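Structure record follows, encoded as structure tokens.
Numbered from 1 within each chain, the chains take letters A, B, ... in sequence-line order. Since this is a predicted model, take the numbers as computed values, not measurements.
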Protein chains: 2
Amino acid sequence: MARRRQAVTIRHVAADAGVSLQTVSRVINNEPNVRPEMAERVQASIARLGYVPSIAAQRMSGSRSYLIVALNDRERTLADWRSRQGSDWVNQMLLGGMLTCAAHGYRMIVELVDTHSAHIERELSGAIAALQPDGVILTPPHSANPLILDFLEKRQIVFARIGSSAPGPGFALSTDDEGAARDVTRHLIDLGHRRIGLIAGSDEYEQSAWRVAGWRDAMAAAGLDTAGLLAPGDFSFASGTRAAQALLDLPSPPTAIIASNDQMALATLDVTRERGLAVPDALSLVSFDDTPIVRYTHPPLAAVSQPIADVSARAAQLIIDRTMGRPVDGEPLVIPSTFVPRGSIAPPPSR
Amino acid sequence: MARRRQAVTIRHVAADAGVSLQTVSRVINNEPNVRPEMAERVQASIARLGYVPSIAAQRMSGSRSYLIVALNDRERTLADWRSRQGSDWVNQMLLGGMLTCAAHGYRMIVELVDTHSAHIERELSGAIAALQPDGVILTPPHSANPLILDFLEKRQIVFARIGSSAPGPGFALSTDDEGAARDVTRHLIDLGHRRIGLIAGSDEYEQSAWRVAGWRDAMAAAGLDTAGLLAPGDFSFASGTRAAQALLDLPSPPTAIIASNDQMALATLDVTRERGLAVPDALSLVSFDDTPIVRYTHPPLAAVSQPIADVSARAAQLIIDRTMGRPVDGEPLVIPSTFVPRGSIAPPPSR
DNA sequence: ATGAAAGCGCTAACAC
DNA sequence: GTGTTAGCGCTTTCAT
């Protein structure tokens, strides 16, 4: 194996510029107490030699590690990747996170941790100890896992919670799921729907409750009853099938269904097909997530699109700013989702 | 900002177990010259204290960095992520790569580098200097970029080339695109097709030429002419549209078209729709990649599915083995693609 | 404003 | 088999 030694070190730069290591270090880190002309000379040497600091060495000396860990749920992420159903959550997270990180010399590194693991603290602790990241971005359902939150808070690690709206330790960033659910429900009501069913997501996700709340809210505001119209689900296709069947078996079935994610919406679409129910003529259908495939189903599904890339970009930015010691607004951040109407919605069938 | 110091270091373990640092180090790295009972005692201390080595420190001392960089083309990857067309190349790469890495205490870290950049060596060099990875996994088109290959070889960095079949520096791993193209073409010929068009991919990708070769080969073996049936493309939707139009404008148009990727196949599907050509009755259509959405088009597209997860898992394994000093077979590796027949293929229309 | 010294956590090289 | 020493590349003290 090749001896791996840094080709160009701070020492080379210092020698080349005729200054001390310290001065070079100050220039690299934009620290004060360097005369402009000195700084310029050092910069020239850096450019000439093609010097890039080793993040391992920076980390070792007690400074930043320039690493941000994005913590995703192992089970769910792997299931998504294996099923190849086009879930692009991780892609969107990387899109926002990596670009923001790159702009500041940071790297984003994806870690999979099982939120149900009995040893979750050990797993997390291991990842932290090995990587020594400057910050951690939590994604649902980790964002609401008290074991993880406590651990990070205790260790004083800077972190962000994506999909959380509560204040508390760590930056909270959410996508206004309640508002989105309310808007969608209102949209359907405006189309003339009176019985609108909701297929809920897993309780483990905070979003699930918000979506239910938004739907309830809009229904109540319109004076509509929700009794029996809430079907439990867990984001899986199978649970979507069960929920859709339950809703459509109702004595007075809904004329519109909102599914809390795309997989359950696809399941619902399948159920309607089996029953010979036309979408959107006999049943309107809306989903959450807006993964790529819902644009290709027949009909394409109207969906709530969530700005995951924006959210993860903001999360990374907050962590970087905080790490750099810049003043940061720690208030919970809400980045609105958008409703994308497509062919799966229409006025209810006239009786 | 919180002072970031390792909570438990090798020193704590050594003290706890009553041995020297070196012995602990040997145990961590599974090195010889440690009596089983000693090793056991050390392991016990490690477990009790929850010790995990800092990879920064390991790197610093000239050992492994436990990092593998996966180098993807910046422009194309970002375009895929932004367009949200369900391209799951990166997901599949992470699936295979991350799991293999994790099994050996490694991490995979995605880097985006523009293969066309004038400063590509500088970009690469910066990433290497900052991260000091133990190995690099090249993806197309980087796998065939001589600037990158030379750079890595010169620096004696262990690397793998995904999508390359030529021997040479670095491990070559490919998916038998030529064989897959041959099989698909033969499949169509067996269905009765005589005029089979091919929409080629970008020249920048080695795969493009192989797919053409496989198609040519199968056509020749069946005594069929390919004159005029090869349409250039560059993997983009727009190029697919142009290519499909050119093929279908032929005096004697093909009864089947093979597109070198899903986007161009989708474009072809659109063109057929505009022209009122029924797929598969009037035209059979096959694509390469098998991204999630092609299962949801109407009709769903038959496609060549490539084992990206397997390939990246093998690539990571090769790098890790080599880094660990284990004997490794450096021969080019071929992991076959599989053809997934779906509703878009049928016998040609009878005249 | 600049430099010198010490040390981060770990492993290579060398003793014993 | 085990321990000791030196040093990786950088930043943090603390001098000057």
Side-chain angles (χ1 to χ4, degrees), chain A residues 1-15 17-42 46 49 51-67 105 128-132 134 323-325, chain B residues 1-15 17-42 46 49 51-67 105 128-132 134 323-325:
Chain A
M1 200 190 93
R3 264 322 313 92
R4 181 125 333 114
R5 269 269 224 353
Q6 196 90 337
V8 181
T9 73
I10 196 173
R11 215 181 298 276
H12 298 103
V13 177
V19 298
S20 72
L21 303 186
Q22 213 30 243
T23 303
V24 178
S25 175
R26 288 190 179 106
V27 171
I28 296 167
N29 297 293
N30 284 315
E31 278 169 19
N33 296 339
V34 182
R35 266 179 315 174
E37 42 171 322
M38 279 271 101
E40 218 167 304
R41 214 163 78 202
V42 172
I46 289 176
L49 302 175
Y51 167 72
V52 176
S54 151
I55 67 171
Q58 295 187 125
R59 205 343 260 153
M60 280 301 297
S61 58
S63 165
R64 275 161 252 125
S65 68
Y66 295 98
L67 254 32
I128 302 287
L131 259 15
Q132 301 270 22
D134 287 341
T323 302
M324 296 292 207
Chain B
M1 201 191 92
R3 265 319 316 90
R4 181 117 343 107
R5 269 272 221 352
Q6 196 89 338
V8 181
T9 73
I10 196 172
R11 214 181 299 275
H12 297 105
V13 176
V19 298
S20 73
L21 302 185
Q22 205 37 240
T23 302
V24 178
S25 174
R26 288 190 178 107
V27 171
I28 296 167
N29 297 292
N30 285 314
E31 278 169 17
N33 296 337
V34 181
R35 265 180 316 175
E37 41 170 321
M38 279 271 100
E40 217 167 303
R41 215 164 77 204
V42 173
I46 289 176
L49 302 176
Y51 167 71
V52 176
S54 152
I55 66 170
Q58 295 187 123
R59 209 338 263 154
M60 280 304 296
S61 59
S63 166
R64 275 160 251 126
S65 68
Y66 294 99
L67 253 32
I128 302 286
L131 257 16
Q132 301 270 22
D134 287 342
T323 302
M324 295 291 206

Check this one for me: any side-chain N or O of [X] less than 4.0 Å away from OP1 or OP2 of [N]?
X	N	value
A:Tyr66	D:dC10	no
A:Gln58	D:dT11	yes
B:Arg35	D:dT2	yes
A:Ser20	C:dA4	no
A:Thr9	D:dG9	no
A:Arg11	D:dG9	no
B:Ser54	C:dC8	no
B:Ser61	C:dG9	no

Nucleotide of D:dG3, C:dA12, C:dG3 approaching A:Thr23 most closely (side-chain heavy atoms):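 Among the listed nucleotides, the one closest to the side chain of A:Thr23 is C:dG3.
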
Mind calculating the distance between [atom1] ([X]) and [atom2] ([N]) to the nearest angstrom?
X	N	atom1	atom2	value
B:Arg26	D:dG1	CZ	P	10 Å
B:Arg59	D:dG9	CZ	C1'	9 Å
A:Asn33	D:dC14	CG	P	16 Å
A:Leu21	D:dG7	CG	P	15 Å
A:Ile10	D:dC10	CD1	P	5 Å
A:Ile46	D:dC10	CD1	P	10 Å
A:Asn29	D:dG9	CG	C1'	13 Å
B:Leu49	C:dG9	CG	C1'	15 Å

List the atom of [X], the atom of [Y], and the distance in Å for their closest heavy-atom pair.
X	Y	result
B:Tyr66	B:Asp134	N-OD2, 2.9 Å
A:Tyr51	A:Ile10	CE1-N, 3.5 Å
B:Pro53	B:Gln58	CB-OE1, 3.5 Å
A:Ser65	A:Arg59	CB-CG, 3.5 Å

Pairwise 5' ranking along DNA chain D for B:Val34 and B:Ala57, keeping only the more 5' one: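 With B:Val34 and B:Ala57 compared, the 5'-side residue is B:Val34.
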
Upstream residue (5' side of DNA chain C) when A:Met60 and A:Pro36 are each assigned their closest nucleotide: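 The answer here is A:Pro36.
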
Touch class at under 4.0 angstrom, heavy-atom based, for A:Pro32 against every strand present: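 Contact class for A:Pro32: none.
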
Touch class at under 4.0 angstrom, heavy-atom based, for A:Gln22 against every strand present: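 Base contact - A:Gln22 has a heavy atom under 4.0 Å of at least one base atom.
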
Polar side-chain atom of A:Arg41 near backbone of A:Ala17 as donor-acceptor pair, under 3.5 Å: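 Judged by distance alone, yes, a pair lies under 3.5 Å.
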
Option passing side chain to side chain contact (heavy atoms under 4.5 Å, CB included) with B:Ser25 (candidates B:Leu21, B:Thr23, B:Asn29):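 Running side chain to side chain contact (heavy atoms under 4.5 Å, CB included) over B:Leu21, B:Thr23, B:Asn29 with B:Ser25 returns exactly one hit, B:Asn29.
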
